[in-house]
Structures are given as C-alpha cells and as structure tokens.
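Heavy-atom basis, side chains included; hydrogens, waters and symmetry copies ignored. Letters A, B, ... are given to chains in the order of the sequence lines, protein chains preceding strands, and every chain is numbered from 1.
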There are 2 protein chains.
Amino acid sequence: MNKVAIGIDIGGTNTAIGLTNREGKVLIKQSIPTPKHGIIELYLDDIVKTMKALINKFTSSEVVGIGIGAPNGNYYDGSIDYAPNLSFKGKVPIVTLLKEKFQNIKKVHLTNDANAAALGEKIYGGAKDFNDFVMFTLGTGIGSGIVVNGNLLYGHSGFAGECGHMLIEPNGRLCGCGVRGHLEAYCSANGIKRTAFELLAQNNNTDSILSNYSLADLNSKIIYNAAKSGDLLAIEVFKLTGYWLGIGLANTIHHLDSQAIFLFGGPLAAGDFIIKPTVESMEKHLLPIYRNKVKIIPSQLNGGDAAILGASSLVWIENN
Amino acid sequence: MNKVAIGIDIGGTNTAIGLTNREGKVLIKQSIPTPKHGIIELYLDDIVKTMKALINKFTSSEVVGIGIGAPNGNYYDGSIDYAPNLSFKGKVPIVTLLKEKFQNIKKVHLTNDANAAALGEKIYGGAKDFNDFVMFTLGTGIGSGIVVNGNLLYGHSGFAGECGHMLIEPNGRLCGCGVRGHLEAYCSANGIKRTAFELLAQNNNTDSILSNYSLADLNSKIIYNAAKSGDLLAIEVFKLTGYWLGIGLANTIHHLDSQAIFLFGGPLAAGDFIIKPTVESMEKHLLPIYRNKVKIIPSQLNGGDAAILGASSLVWIENN
C-alpha cells in the first residue's frame, strides 16, 4: 500500500488539512474555518469529519501518521499552549484528543508552525541536503525553526527558535509581544509596512506611490510592485529591511554556525530587492570565519501547500 | 588503576597543563610560556616534556585521554585554525601531532576555550544536572559554549557559539573583530572599562574614584572596589553592563530555550552589582513564555583550575 501522511495546519482563521505522500505531493486537501467559539470538542468534530472524508477517498493508501502545525504548538507535551490568536483557552492536548479518535494511527505529532516549515523544507524542499540550517518565516510576525545535526532544536521546554524576538534595536519599535526593538517589528510583513511609514514620515516623499496608502491598506506586495516600477522609497524600504534582517541572521549564525538560512513568506516575492541587501548586511556583520559560507535560500516549497507539507513532515522523521 | 585525564589550556601568554581525576580534582599542574617564535615543533617538545614529567609522578594512574582547549580550536578537524593571538600560523593539527607523541593514548580531543569552559561546568561544576545551557566567559573578549541535549553544539563547521559577536547596538562600539555594536564591546572585561570611560566623558564625574585612572590602568576589579565603596559612577557601570548583557542573554534564550546561563570570568567577582541588573534586563527583554524560568549562575569551578578542568573534561564525554 502507498504510505501517506496527514498534515493539519491550524491557523488563526483557517485550518488546512491534507494527505501527502513521502515525496511531498499533496494528494488532496481541504480547508475549514478555525472557529471563534472556543469549544474544542466542536472544533475537533469538524477536523475529524474532514479527515475521514479525505481518507475515504484514498482507501488504497495506508495513513502512517498525523502531523499538526499550530501556533504555540509544543512538541514535548503535544498540546497547544495559550495561543493568543486561537479562541481555545489554556492548554489544548490536541495530540491526545486526536489519538483517541484515530486509535489505529500510532504516530501523532505536533509542533509550532515555524518548526513545521523548517521540517517541511528538510523533508520535501530545498533543505534535503542540509543538517544545520534555520528557517525564518516572514508573515504577520516572524517565526523560526532551527535544525541542528539534522533534527529540530526544541530546547529545554519545547520553545526554542523564537528568533523573531531577538532584540536588534535597543528601545526601538514596539513588538507585538510588548518589548521594544525585536526583529519582528522590523522585518515581518507588518514591520516592512512600518518601515515605509517611518521613511514617509522622515522624508515627506509625496512623489512616492506609497504616499497614497493607509497603514491598513498597505502590504508588502504593493511595496514590491512600487519598487519594480522604480519607486525610490519602496526600494529603500527593502534595503532597510535587508539591513535589519541581515543583522538578525548574523546573530543567529554567531550562535549556531548554520550552513544555510531559508526564508519563507509573502515579502520573499520581492526577490533580490530584499535578498541582496539582506546578504550584504549579514556578511558585513559576521565574523570572518563565517563570511561567504552561509547560503540564503528562499523556501523551495509551493507557498499554497507549504503549511500542510510542513505539518505532515513530522510523520516521516525516523525517531518520531 | 585510577583513571586520570590530561588537560591542556593554550592561552596567548601561557600554556597550563594538568592531570585531573573524574571528580574534577586537579592532581598536579604546571604552566609553561606559550612561545612567540611561531615554531610549532619546539612548542610541541616543551608540551610533551612537561606532560611526561607530570605523568611520571602518577605512575599508578592510567591516563585515559588528553583534552585541549585553545583559541580557535576546531573540534571537528583537531586543529587550531588561524588563531590571531598565537604565533603559529595557519592550521596547526595539534591533535594529530600529540597522537604521534603518545601513541598509547587513544582519546585526544580539542575544542575552543569557551566550549571547554561549558563542558567543564557540565562534567565537574554547577551544570551537572543541566542538559540545555550556555556558558558565557567574560574576559578580554566574550566567549561562549552552547550545550544542547547534553552535548556541545559545534554547528556546521565547528564554530558555533560565538555569541559574544552578536550585535546589540547597531553602529555601536567597535568590537575587536572590526564590526560595530557586538556584545563583546560592551560586556567583556575590556568593554566594562569602556563603559566607565563613556560615562566619565558624558557626565564629567570628577568626584568618582574612576576619574583617576587611565584606560590602560583601569580594570573591572578597580571598578568593583569603587562600587563597593559606594562610588555611584562605578555602580552605574555595572548597571549598564547588566542592561546590555541581559539583552544578549535574552537573544540567546530566544534562540535556544536554555535552562540556565552560566557566567565565568573576572567581572563576576562583582557579584550582585553585575548579576542583578543582568537578570532584570534579561527578564524585561524575554517573551513571557521564558520569563522567570532561566537561571543565571556564576561558574562553580575554581577560577585557577577552570581552564585545565575545561580542557580535561573533553576526555570524559562518552561519545568522544
């Protein structure tokens, strides 16, 4: 029988569920709303119903396991812990709950979404040949997943890899977590918008396309399109983003001596507008022993399937 | 027969060699100058002669291995690579060279001095019960050794743990490596002196004891004694040092989710003058999930023996 894995990606708005094979093909997938009612039993019923419907379409395949990616997902105890963007309160023992529903599936694992992205890249994507790398996901915030000696680094309590909350500007911008100066406040999709507004405020560039947008309406795609059309302020936004991201990546490399850094998320669509200044700043801030060695690579996973693939990749890890 | 390990600590000025038992007692030790002549063969003869003299005094003991701590010591290939403070040029294959001289000793291992300090703490000191911790050594520079899942983290090319070179102040003070704003430029013994001078320059505190010292004459012991006697500027120096160090430690914890941070070096003699503001700043800069969990612990090894103990600890690691 063909072996397949189920990947469940729990987001603040939607939950994506899919069946994948070992080669990283998503065979079938479906998305359901992540409810706001906070009643885990009802949500679990929705998930189980969707999973069963998907499995029933692949009866000739053997489901070898379930992998779940979720904000604040803790690998060690299999629970989602106090996730601020989900309506379920406290600790949700999602692994135990799903094991009860699918007693014939032995492997059920959970991790946070950024760790899942890192593992997805290792199992299916561009990191197959790398054993020491870090994945940075640039979205509303910045997540990161650290791979060391071929395995995810979980740390003492399962929360390693919150690199988005490293401080790069003392007393700098307010981060969503309440502390000032974190990388996330500068280089997340949201941080990039803030950089545009900072520059507009400083230089009063009324000739920039970006001067026509509100903070609510602006996004990194608009800034990218402006940069492509030659808008100098938009180009400067990506230069500054790269400057700060390069500092962050250099700090990470000084800790981990990684072989490569993978980058994932909407802002990466800007390509060299963001990659070039990032590499330049990273190299400038590195000790000579690390220079010209560390590869910066955009994620090789299809953006639309990446979350399901990341979650399902937990199933294929041997020692899991 | 009693089992003993040989520890060799290669410093810029002196090389300390000692025999230690598994419990962390230094049975005998001797120091020889680290020569400036750059001829590795002559230096090796000195080391071998000293080692044989020490071993001959413990003929009833079995030497199970040799551990070497050296600046730029690379665990993977057993060579000291381009160490700027040593007179030997290029890559010095110290492990191979020593194995040739002591063919009956199978275990010969090398790592850098900060990694050795971390491992020494794990094998003999205060970190016996910790599997996820980081050692910061505050000396002329700042070294660090990272322990993850009970093992030293070496990274892709053997250079993980250069946390002293993480950037904490963009365009800040010039670090010895040539980059501006690194932690080392603020919180090493040398960085602490620079903080004193920065404050003297800013505030013109002619009433401070420290206003009587040149940069060359000042050291962290003098600043500590001044702080003890109530010198407000000296107290402020440690407060600022703790502020910056706390930022650095928080960045490290956001990467690694460590259980504890150990601190080693001269400035730690200042005790709570430096520890208290460090803890305060670290907690302030951490995500809530890490707060009030991570212990900050001064090294429990005897300062005078720590380098030999750190080096010799490499011998007692099972998978070495």
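- Residue with the most contacts toward chain B among A:Q259, A:K284, A:M166: A:Q259 (heavy-atom pairs, distance under 4.5 Å).
- Shown here is A:K239, whose NZ atom has no more than 12 heavy atoms of other residues, nucleotides or ligands within 6.0 Å.
- Top candidate by heavy-atom pairs under 4.5 Å with chain B, chosen from A:C177, A:S157, A:G161, A:G178, is A:S157.
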Begin with the C-alpha distance, continue with both residues' side-chain angles, and end with the deciding distance and a verdict on side-chain contact (heavy atoms from CB on, under 4.5 Å) for A:E162 and B:Y290.
-> CA-CA 10 Å; A:E162 288 290 355; B:Y290 303 118; 3.1 Å; yes
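- Between B:I168 and A:N251, the closest side-chain pair of non-hydrogen atoms is not below 4.5 Å.
- Contact of A:L287 with chain B is made through the side chain alone, with heavy-atom distances under 4.5 Å.
- Looking at A:Y82, there are no atoms closer than 4.5 Å to chain B (heavy atoms on both sides), in backbone or side chain.
- Looking at A:L286, the atoms closer than 4.5 Å to chain B (heavy atoms on both sides) all sit in the backbone: N, CA, C or O.
- Residues A:H156 and B:S258 bring no donor and acceptor atom of their side chains to less than 3.5 Å of each other.
- Using non-hydrogen atoms only and a strict 4.5 Å limit, the part of residues 140-150 of chain B facing chain A consists of B:I146, B:V148.
- Between the A:D257 side chain and the B:G158 main chain, a donor and an acceptor come within less than 3.5 Å of each other.
- At most 12 non-hydrogen atoms from other residues, nucleotides or ligands lie less than 6.0 angstrom from CD of B:E280.
- In terms of heavy-atom pairs under 4.5 angstrom with chain B, the leader among A:D132, A:L167, A:V179 is A:L167.
- Note on ring orientation: taking the six-membered ring where Trp is involved, the planes of A:H165 and B:H254 are tilted (angle from 30° to 60°).
- The contact between B:L256 and chain A is made by backbone and side chain atoms together, counting heavy-atom distances below 4.5 Å.
- At a 4.5 Å heavy-atom cutoff, A:F133 makes no contact with chain B through either its backbone or its side chain.
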